[in-house]
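Computed over heavy atoms, backbone and side chain alike; hydrogens, waters and symmetry mates excluded. Each residue takes its place number in the sequence, starting with 1.
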Amino acid sequence: MKTIVFTSQEYMLCSSFEMVEDHCNTECNYVNLLDSRSVMGDLGWVAYPKNGWEEIGEVDEDYAPIHTYQVCRVMEQNQNNWLHTNWILTEGAQRVYIELKFTLRDCNSLPGGVGTCKETFNMYYYETDGGELEDGDMGDGEGITEEEDRALKESQYIKIDTIAADESFTELDLGDRVMKLNTEVRDLGPLTRKGFFLAFQDLGACIALVSVRVFYKRCPFLVKSLAEFSDTIPASEASQLVEVVGRCINNSLPLYEPPRMHCSTEGEWLVPIGKCVCQPGFEEILGSCQGPPSAPRNAISNVNETSVFLEWSVPMESGGRKDIRYNVLCRQVLPDGRGLEECGPNVRFLPRQVGLSNTSVMVADLQSHTNYSFLLEAINGVSELAKDRTKQYVSLNVTTNQAAPSPVSVVRKGHAGKSSIALSWAEPDRPNGIILEYEIKYFEKEQDSSYTIIKSRETEMVVESLKPSSVYIFQVRARTSAGYGTFSRRFEFQTSPYLTATSERAQASIVAVAITLALVLLAVVAGFLLSGRRCGYSKAKQDPEEEKMHFHNGHIKFPGVRTYVDPLTYEDPNQAVHEFAQEIDVSFISIERIIGAGEFGEVCSGPLRLPGKREMQVAIKTLKAGYTEHQRRDFLWEASIMGQFNHPNIIRLEGVVTKSKPVMIITEYMENGSLDTFLKKNDGQFTVIQLVGMLRGIASGMRYLSDMGYVHRDLAARNILVNSNLVCKVSDFGLSRVLEDDPEAAYTTRGGKIPIRWTAPEAIAYRKFTSASDVWSYGIVMWEVMSYGERPYWEMSNQDVIKAVEESYRLPGPMDCPEALYHLMMDCWQRERSNRPKFDEIVCLLDKLIRNPCSLKNLVNSSHRVSNLLVEHTSVDGDCNIWSRTVSEWLDSIKMGRYTELFMEGGYASLDTIALMTSEDLRRVGVNLAGHQKKIITSIQEMRVLMNNSTTSVNI
Ligand code: AMP
């Protein structure tokens, strides 16, 4: 109930009265065609005559305007006042209802007892298909009088009823300010045209028409028995029912026959017949058939390194519910078709893994280079009902990319010297692959415009050449095949202060010794250089394994390149094997004899007959039965490395047998087996040239490996194989990984011990394995070769060896070893690894020695005796007397052959005598051209160097 406030008007000075408001929504069983109270602007009704009905603008209690039409010409005779509505559309309704709300004045309460006063009014209608009366607009008729026109219009209307007030009001009521509102409803029908007009005729009453509402009744949209019945307009006659066939709602079917309902003229649904039932798999819940949703659609993935963004569309079928959620199941695809494994707890799902309301998820922290299978499942509140849940999910296969390693989290300081700081760190939490190396960036605090980067394969490093008492900033980052991770945060460490007074004295003496040594060394090096030695090696060069890159203001000065691929960079070791090794069918191999025992099983030999290829003898390494997967991987590891090399001094891999058992590694056959046993068996049987030839081969193989960026770590005569032509080849590539993998294993080789005797001190002390440490080992191999397989340091214990080497003790020259070779060994055993020669320098020097055998004639422990090892068995003087035989060859080689006769005539018939010639001697012989003199003198000087090389004594 609401109170409406009227403004004042003659006789109608009411200020308030009560009336009922109707509110209705779509479920109402009536539809308004006109409601004068809801029309905001001009109603547009026409009053006739103009001084009859009058529109009075009122406001309701909310000050919303309402339209009222009032007439109160009770004082005058013969009233006939018409009020015409607009054209009202029927919307197809055949019967409409008109609800009038009005107030009416009690005639008796009027002053003077007015005889003409009425207490009723009439309501008319007129049907048309258009919005006009068929004879034109009211009052606009031409050629006829107003009276005639009026009569015409009125004659066209059909009377609906005379409306009387149930309640009329008196002056007393007005005084009480209470208005009595009448509500009268009339119906109209059957209507046959599209619309109609209404008209209200006043014959002399005092009326206020407060509202006019025209509506029709309908049977509203209804869902009953799982069937939908649409809005239905009833028939016009009360006795008629309209039959409506229902439509089964989603996920339901008609039971026996389509359901039906009947719509009455009152807008009520009556007499339901038949019904719908839920389809199989769906359940009737709250009047609807509900089931699990279908699978998500259009699933796509977007991989970003080790994160995957999954996106999908909503399922085709919602299951009749609005509560769809999504779950993500993450499974890793195991290699070799070994199936799927659920992703571990480290994988992150953003925003979450289950109960997702959005159609996307981010899956992060997956493994790099890995195949994953994701199941995207749509679920709702009744998913549990589903018998077959596979219909609810879709699978998506994704391969992650490689990703750089996560940052190193902590860098720790170990021992800090005045010029060095030992650092160590842990592997990054997420390496995302195999860590190939670490970069250590450092600079003096507050001097960060210039910094240094050094590299390490280990998780520790001693940073040297620092200033005493200085604070340095260190940052470490890891590198995998995917590239560098980001640097760790900055760590500040300080070097120790300068030494105290006493230690300064000690330091001074150390410096003096160092200077003396340096001067001696300088003299030696200068001697080498001045004498024109072309194979001199620079000891100042950087170690390839510890490439130091200096940056100044971000500018790289010294980058390095690597070509060897660490099989560890492959997640799947089998992939590495098959990348580098050819699979051989076992039927092409015949095992004939057992030739040795390897770490993983017997080593055999026999012919390999590959189709279309010449038969060849091969060595066959077998993996003994009952191996673990780990052992199989380690066994094949060697093949993955060997297969990458192609060099005459590296054992050649022919292929692998992995598809049948036993698993085998097939290499070229080396008739003379391992070098250490071969030398022991043939003690004293070779010329120095033959021995140097073997050493040259080993050095050449090692040069190749170091150029490839491969560090052997276990170079020893036992790991060199010798073929029937005495060609030596480097083999055994298995150990390096064991050393690298397990810090403990650094002290236990397959022989039970780290190869201490062959290993450089820095590699023993802090596992600094580099090509420079391989050079150290090479020096030991030289010693083994020149002593025919003697054990380095004989029966000394490992501990004693470590101590002795630490105290600068070095192996003595083997019996009858040319001094030139012993010098080279000693150089290989330089404590400072950057002072050791490089393999290319070693090869170069050995080549020179081979070309000039007399340079080998001075022996370390029998200095004035010509080595009988130099001598071929057939001729004692032959080799070393090459000088006398080659004067003409020598002159030819320097394009001075024209002087041969003059030299002979001058008594210079051997190179021994020529080596002593001066420029004066040359002129005397008859070499007058200055250019020729210079050329010959230079060559003579070179000759002298070669002859004197082995007599140079170096005390280091
Ligand atoms: P390994 O496992 O490489 O140490 O091999 C064990 C032993 O088998 C070696 O010491 C050699 O005597 C022998 N052997 C290995 N490979 C070959 C080969 N390619 N040719 C000849 N003998 C070999």
key: Ring-face cation contact, W758 with R718, 6.0 Å cut, 45° max   =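 Here R718 passes the 6.0 Å and 45° test against W758.
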ask   = Is K455 close enough and on-axis enough to Y438, meaning under 6.0 Å and within 45°, for cation-pi?
value =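 Verdict for Y438: no cation-pi partner in K455.
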Between [X] and [Y], is any side-chain donor less than 3.5 angstrom from a side-chain acceptor?
{"X": "N574", "Y": "R632", "answer": "yes"}
{"X": "S674", "Y": "D676", "answer": "yes"}
{"X": "Y484", "Y": "E439", "answer": "yes"}
{"X": "S731", "Y": "N719", "answer": "no"}
{"X": "T658", "Y": "E583", "answer": "yes"}

Rounded at 0.5 Å granularity, tell me how far [atom1] in [X] sits from [atom2] in [Y].
{"X": "M708", "Y": "H647", "atom1": "CE", "atom2": "NE2", "value": "11.0 Å"}
{"X": "T622", "Y": "M664", "atom1": "OG1", "atom2": "CE", "value": "7.0 Å"}
{"X": "I698", "Y": "L675", "atom1": "CD1", "atom2": "CG", "value": "5.0 Å"}
{"X": "Y451", "Y": "I473", "atom1": "OH", "atom2": "CD1", "value": "14.5 Å"}
{"X": "L329", "Y": "C343", "atom1": "CG", "atom2": "SG", "value": "8.0 Å"}
{"X": "L636", "Y": "F580", "atom1": "CG", "atom2": "CZ", "value": "13.5 Å"}

Do [X] and [Y] make a side-chain contact, defined as non-hydrogen atoms from C-beta onward lying under 4.5 Å apart?
{"X": "T667", "Y": "E654", "value": "no"}
{"X": "T399", "Y": "Y372", "value": "no"}
{"X": "V657", "Y": "V663", "value": "no"}
{"X": "V308", "Y": "L396", "value": "no"}
{"X": "I620", "Y": "V603", "value": "no"}
{"X": "S307", "Y": "T400", "value": "no"}
{"X": "I780", "Y": "C828", "value": "no"}
{"X": "V463", "Y": "S420", "value": "no"}

Taking all non-hydrogen atoms of both residues into account, name the closest pair between [X] and [Y] and its distance.
{"X": "N649", "Y": "C728", "result": "ND2-O, 2.9 Å"}
{"X": "L653", "Y": "A639", "result": "CD2-O, 3.5 Å"}
{"X": "S360", "Y": "E311", "result": "CB-CG, 3.7 Å"}
{"X": "T370", "Y": "S368", "result": "OG1-O, 2.7 Å"}
{"X": "L715", "Y": "D774", "result": "CD2-O, 3.7 Å"}
{"X": "P792", "Y": "W783", "result": "CA-CZ3, 3.6 Å"}

Is the ring centre of [X] less than 6.0 Å from the ring centre of [Y]?
{"X": "F645", "Y": "Y710", "result": "yes"}
{"X": "Y627", "Y": "F635", "result": "no"}
{"X": "F733", "Y": "W637", "result": "no"}

With a 4.0 Å cut-off, would you call [X] and [Y] a salt bridge?
{"X": "E762", "Y": "R836", "value": "yes"}
{"X": "E458", "Y": "K768", "value": "no"}
{"X": "R412", "Y": "E460", "value": "no"}
{"X": "D365", "Y": "R348", "value": "yes"}

Please check if the side chain of [X] supplies one atom and the backbone of [Y] the other of a donor-acceptor pair under 3.5 Å.
{"X": "N327", "Y": "G355", "value": "yes"}
{"X": "W425", "Y": "V410", "value": "no"}
{"X": "T770", "Y": "A772", "value": "yes"}
{"X": "S406", "Y": "R430", "value": "yes"}
{"X": "S777", "Y": "S773", "value": "yes"}
{"X": "S470", "Y": "P468", "value": "yes"}
{"X": "E784", "Y": "A717", "value": "yes"}
{"X": "E668", "Y": "R652", "value": "yes"}
{"X": "S419", "Y": "K467", "value": "no"}
{"X": "T495", "Y": "G417", "value": "no"}

task = Test V328 against F374 for side-chain contact (heavy atoms from CB on, under 4.5 Å), laying out the working first.
result = CA-CA 7 Å; V328 182; F374 291 99; 4.0 Å; yes
request  = Name the orientation class of the two ring planes belonging to Y326 and W312 (parallel below 30°, tilted from 30 to 60°, perpendicular beyond 60°).
outcome  =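 Plane angle over 60°, so perpendicular.
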key: Trace of the salt bridge (charged side-chain N to carboxylate O under 4.0 Å, His left out) decision for R831 with E806   = CA-CA 9 Å; R831 175 173 196 79; E806 200 60 42; 2.5 Å; yes
request  = Inspect the surroundings of NZ in K661 and state if more than 12 heavy atoms from other residues, nucleotides or ligands are less than 6.0 Å away.
outcome  =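 No.
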key: Over 12 foreign heavy atoms within 6.0 Å of CG, N646   =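 Result for CG/N646: open.
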Candidate pair Y793 and V805, rule side-chain contact (heavy atoms from CB on, under 4.5 Å), full reasoning = CA-CA 10 Å; Y793 312 95; V805 170; 3.7 Å; yes
query = Where do Y704 and I650 land on the side-chain contact (heavy atoms from CB on, under 4.5 Å) test, with the steps shown first?
reply = CA-CA 9 Å; Y704 174 81; I650 305 290; 3.9 Å; yes
request  = Please step through side-chain contact (heavy atoms from CB on, under 4.5 Å) for the pair I764 and I802, ending with a clear verdict.
outcome  = CA-CA 8 Å; I764 295 172; I802 293 170; 4.0 Å; yes
task = List in chain and number order the residues that pass ring pair (Phe, Tyr, Trp, His ring centres under 6.0 Å) with F474, two or more places apart in sequence or in another chain; answer none if no residue qualifies.
result =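 F474: ring pair (Phe, Tyr, Trp, His ring centres under 6.0 Å) contacts with Y442, F493.
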